[in-house]
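Step one of this worksheet: look at the structure below.
Computed from a prediction, not measured in an experiment: that's the story for all the values here.
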Amino acid sequence: MNEAIFEIPRQLNASAPVELTGKSRDEVKLMVLNRKTGSVEHSRFTQLHTQLKRGDVLVVNNSRTIPASLRGTQGSREVEVRLSRKVGSREWDALILGPVYDARLPITFADGVKAFMSGNGSEKPLVRLTFSVEGAGFYDFLYKNGQPIRYEYIDAPWPLDYYQNVYGSVPGSVEMASAGRAFSWKLITKLRAEGIEVVCLQLHAGLSYYGDDRWPNPVHHPEEYHLPQETADSIRRAKREGNRVIAVGTTVVRALETVAAGHDGNVAAASGVTNLYITKESPLRVVDGLITGLHEPEASHLDLLQAFISRQHLMSAYRTAVAKGYLWHEFGDMNLIL
């Protein structure tokens, strides 16, 4: 689904966090789609609990966003390095923005840290970088010198805290797992009071865009995940009792369906790296519903959404979202597919 099937007007690109307007995170719009009929309901994220039922299990991704954009020099040239995925104690797949003067020359950063190009990344245009520091020393350097990755629709360098979900606790994502951004602790408390369980897994999200109209190939986009035992137990219990499992974000869908595919459709505690590409042909063994943001027409996330709802219903809903002034991207409005 890479053809331009709808267009996002410039004014619908959310360029700033909703908190700066005086509202709370959970006061964004919520478009609710019925998987079977394609019917659309317009609500607010603060009313999420009214769309769910006692016994439903919400699975969130508590991976925390790291400041993955670094400025450095190679020879006399300035470059931006965007980390994509941790491969080893010193090695990262990364995107280099700016002309590469000589691949044999290191990239030099603040505090004397260097990175050497040691090979190709998981796919072009990513490269493998080997840093001169590791462990706590690397993260000290990163948090001191790195910035959140910012795309062209963001008009100011917002602090890293704006790119965190309130429950984010395990550093590793180079971009925010943004489907969870609209959750507030107040809303999570309300959901739990209504008998809706909220549980966690981790999937460390990689780069979603390489610039210059280049997008990751979802078949060659490895991401590390961890599904803890308590979350697996909650999901199995929900399935056994006939309740729904609702993923908060496409990252959660990818992790859960990867685990299920490796365990004959069952869910068990697991860790690993996934390359799973979900499309309309993919069977959903675990996930019954999805909370997500609104995605660009070029994004492979739309292919995943078609595992939940038909292309016809999805495109009709997205055109409605454009007409109704819904906002796109990580600071934008939300979509619930049930």
[X] side, atom [atom1]; [Y] side, atom [atom2] - distance, nearest 0.5 Å:
{"X": "I291", "Y": "L52", "atom1": "CD1", "atom2": "CG", "result": "6.0 Å"}
{"X": "L203", "Y": "H226", "atom1": "CG", "atom2": "NE2", "result": "12.0 Å"}
{"X": "C200", "Y": "E230", "atom1": "SG", "atom2": "CD", "result": "9.5 Å"}
{"X": "Y326", "Y": "L294", "atom1": "OH", "atom2": "CG", "result": "8.5 Å"}
{"X": "E19", "Y": "F331", "atom1": "CD", "atom2": "CZ", "result": "8.0 Å"}
{"X": "H204", "Y": "T251", "atom1": "NE2", "atom2": "OG1", "result": "11.0 Å"}

Decide, yes or no, whether a salt bridge links [X] with [Y] under the criterion of side-chain N to carboxylate O below 4.0 Å.
{"X": "D303", "Y": "K280", "result": "no"}
{"X": "E27", "Y": "R44", "result": "no"}
{"X": "R150", "Y": "E80", "result": "no"}
{"X": "R240", "Y": "D233", "result": "no"}

Could you pull out the closest heavy-atom pair between [X] and [Y], with the gap in Å?
{"X": "A193", "Y": "R54", "answer": "O-NH2, 4.0 Å"}
{"X": "S89", "Y": "E134", "answer": "OG-OE1, 2.9 Å"}
{"X": "F141", "Y": "V113", "answer": "CD1-CG2, 3.7 Å"}
{"X": "I278", "Y": "A307", "answer": "CG2-CB, 3.8 Å"}
{"X": "H295", "Y": "L302", "answer": "CB-CD2, 4.0 Å"}
{"X": "A268", "Y": "L227", "answer": "O-CD2, 3.3 Å"}

Any [X] side-chain heavy atom under 4.5 Å of [Y] side chain:
{"X": "I149", "Y": "T65", "result": "no"}
{"X": "T73", "Y": "E78", "result": "yes"}
{"X": "Y143", "Y": "P171", "result": "yes"}
{"X": "L126", "Y": "L207", "result": "yes"}
{"X": "I196", "Y": "L58", "result": "yes"}
{"X": "Q164", "Y": "M176", "result": "no"}
{"X": "E296", "Y": "H329", "result": "yes"}
{"X": "N243", "Y": "V57", "result": "no"}

Applying side chain to side chain contact (heavy atoms under 4.5 Å, CB included) to K144 and D111, what does each step give before you reach the verdict? CA-CA 10 Å; K144 180 181 177 182; D111 300 332; 3.4 Å; yes

Assess whether side chain to side chain contact (heavy atoms under 4.5 Å, CB included) is satisfied between F131 and L83, documenting all intermediate values. CA-CA 12 Å; F131 283 84; L83 303 178; 3.9 Å; yes

State plainly whether one hydrophobic cluster holds both [X] and [Y], where clusters connect Ile, Leu, Val, Met, Phe, Trp and Tyr through side-chain heavy atoms under 4.5 angstrom apart.
{"X": "I8", "Y": "V40", "value": "yes"}
{"X": "I309", "Y": "L304", "value": "yes"}
{"X": "V59", "Y": "L191", "value": "no"}
{"X": "V199", "Y": "V166", "value": "no"}
{"X": "L33", "Y": "V28", "value": "no"}

By the definition side-chain contact (heavy atoms from CB on, under 4.5 Å), identify the one residue from I96, V81, L95, N120 that meets it with V127. I96

From the list T320, D333, V32, side-chain contact (heavy atoms from CB on, under 4.5 Å) partner of H42 resolves to T320

What's the verdict on side chain to side chain contact (heavy atoms under 4.5 Å, CB included) for V18 and T21, showing C-alpha distance, side-chain angles and the deciding distance? CA-CA 6 Å; V18 67; T21 68; 3.9 Å; yes

Do any N or O atoms from the side chain of [X] and from the backbone of [Y] form a donor-acceptor pair under 3.5 angstrom?
{"X": "D288", "Y": "V245", "answer": "yes"}
{"X": "R181", "Y": "Y162", "answer": "yes"}
{"X": "R77", "Y": "Q74", "answer": "no"}
{"X": "S184", "Y": "L187", "answer": "yes"}
{"X": "W328", "Y": "V322", "answer": "no"}
{"X": "E123", "Y": "P216", "answer": "no"}
{"X": "S282", "Y": "T279", "answer": "yes"}
{"X": "R236", "Y": "V267", "answer": "yes"}
{"X": "N165", "Y": "F183", "answer": "no"}
{"X": "R35", "Y": "F308", "answer": "yes"}

Under the rule for side-chain hydrogen bond (donor to acceptor under 3.5 Å, both in side chains), what residues qualify as partners of S310, not counting sequence neighbours? none

Please check if the distance between the ring centroids of Y210 and W215 is under 6.0 Å. no

Between S169 and N62, does the side-chain hydrogen bond (donor to acceptor under 3.5 Å, both in side chains) criterion hold? Intermediate values first, please. CA-CA 6 Å; S169 57; N62 67 353; 3.3 Å; yes

With E330, which of Y151, Y153, Y163 fulfils side chain to side chain donor-acceptor pair (under 3.5 Å)? Y153

More than 12 foreign heavy atoms under 6.0 Å from CD of Q312: is that the case here? no

Enumerate the salt bridge (charged side-chain N to carboxylate O under 4.0 Å, His left out) contacts for residues 183-208, please, sequence neighbours excluded, ordered by first and then second residue. K190-E194, E197-R237

Within residues 250-279 or reaching into it, pairs that qualify as salt bridge (charged side-chain N to carboxylate O under 4.0 Å, His left out) - sequence neighbours excluded: E223-R254

Y167 vs V248, side chain to side chain contact (heavy atoms under 4.5 Å, CB included): CA-CA, chis, key distance, verdict: CA-CA 12 Å; Y167 47 71; V248 179; 4.0 Å; yes

Would you say S24 and D26 are linked by a side-chain donor-acceptor pair, where the criterion is simply a distance under 3.5 Å? yes

